[in-house]
**Student:** 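This is the structure, below, for whatever I ask next.
All values below were derived from every heavy atom in this structure, side-chain atoms included, with hydrogens, water molecules and symmetry-related copies excluded.
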Amino acid sequence: MKRLVPILLMHLAVTGCKREVPLVPADRIYTVEEYLAHPDLRLRVSAACSNDPGRIGRDPNCVNVHRADRVASAGNASGMPRAVP
């Protein structure tokens, strides 16, 4: 029993050090328009979503940022309505 306590304490200390930082902002869901208005945020979230599509690819922020990427890359033709795929 005396050996078990230090082992458990060491295990808790090591597991407590590992802190996962969320790749996608989890505080709220950003809209496509917000991603278009903030290209730096769009690039950061898009890179995180593309880096791990199996785990976070279906996240609402990933879906919105990919749609904003498509809209931003389509360009802007004056006088033409914007088509969102």
**Student:** Hey, is the main chain of Arg70 close enough, under 3.5 Å, to the side chain of Ser73 for a donor-acceptor pair?
**Tutor:**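 Flag set: sc Ser73 to bb Arg70 pair under 3.5 Å.
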**Student:** Could I get the full list of side chain to side chain donor-acceptor pair (under 3.5 Å) partners for Thr31, not counting sequence neighbours?
**Tutor:**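 Result, side chain to side chain donor-acceptor pair (under 3.5 Å) vs Thr31: Glu34.
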**Student:** Using the test side chain to side chain donor-acceptor pair (under 3.5 Å), find all partners of Asp69 that sit at least two apart in sequence or belong to another chain.
**Tutor:**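 For Asp69 the side chain to side chain donor-acceptor pair (under 3.5 Å) partners, ignoring immediate neighbours, are Arg42, Ser46.
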**Student:** Working to the nearest 0.5 Å, report the span between NE2 of His66 and CG of Asn61.
**Tutor:**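 His66 atom NE2 to Asn61 atom CG measures 10.5 Å (nearest 0.5 Å).
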**Student:** Taking Asn64 for its side chain and Val32 for its backbone only, find out whether a donor-acceptor pair lies under 3.5 Å.
**Tutor:**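 Not a single qualifying donor-acceptor pair exists.
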**Student:** Measuring from atom CZ of Arg55 to atom SG of Cys49, what distance do you get when rounded to the nearest 0.5 angstrom?
**Tutor:**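 If we round to the nearest 0.5 Å, Arg55:CZ and Cys49:SG are 10.5 Å apart.
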**Student:** Taking all non-hydrogen atoms of both residues into account, name the closest pair between Ala48 and Ile56 and its distance.
**Tutor:**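 Scanning both residues completely, I find the closest heavy atoms to be O-CD1, 3.5 Å.
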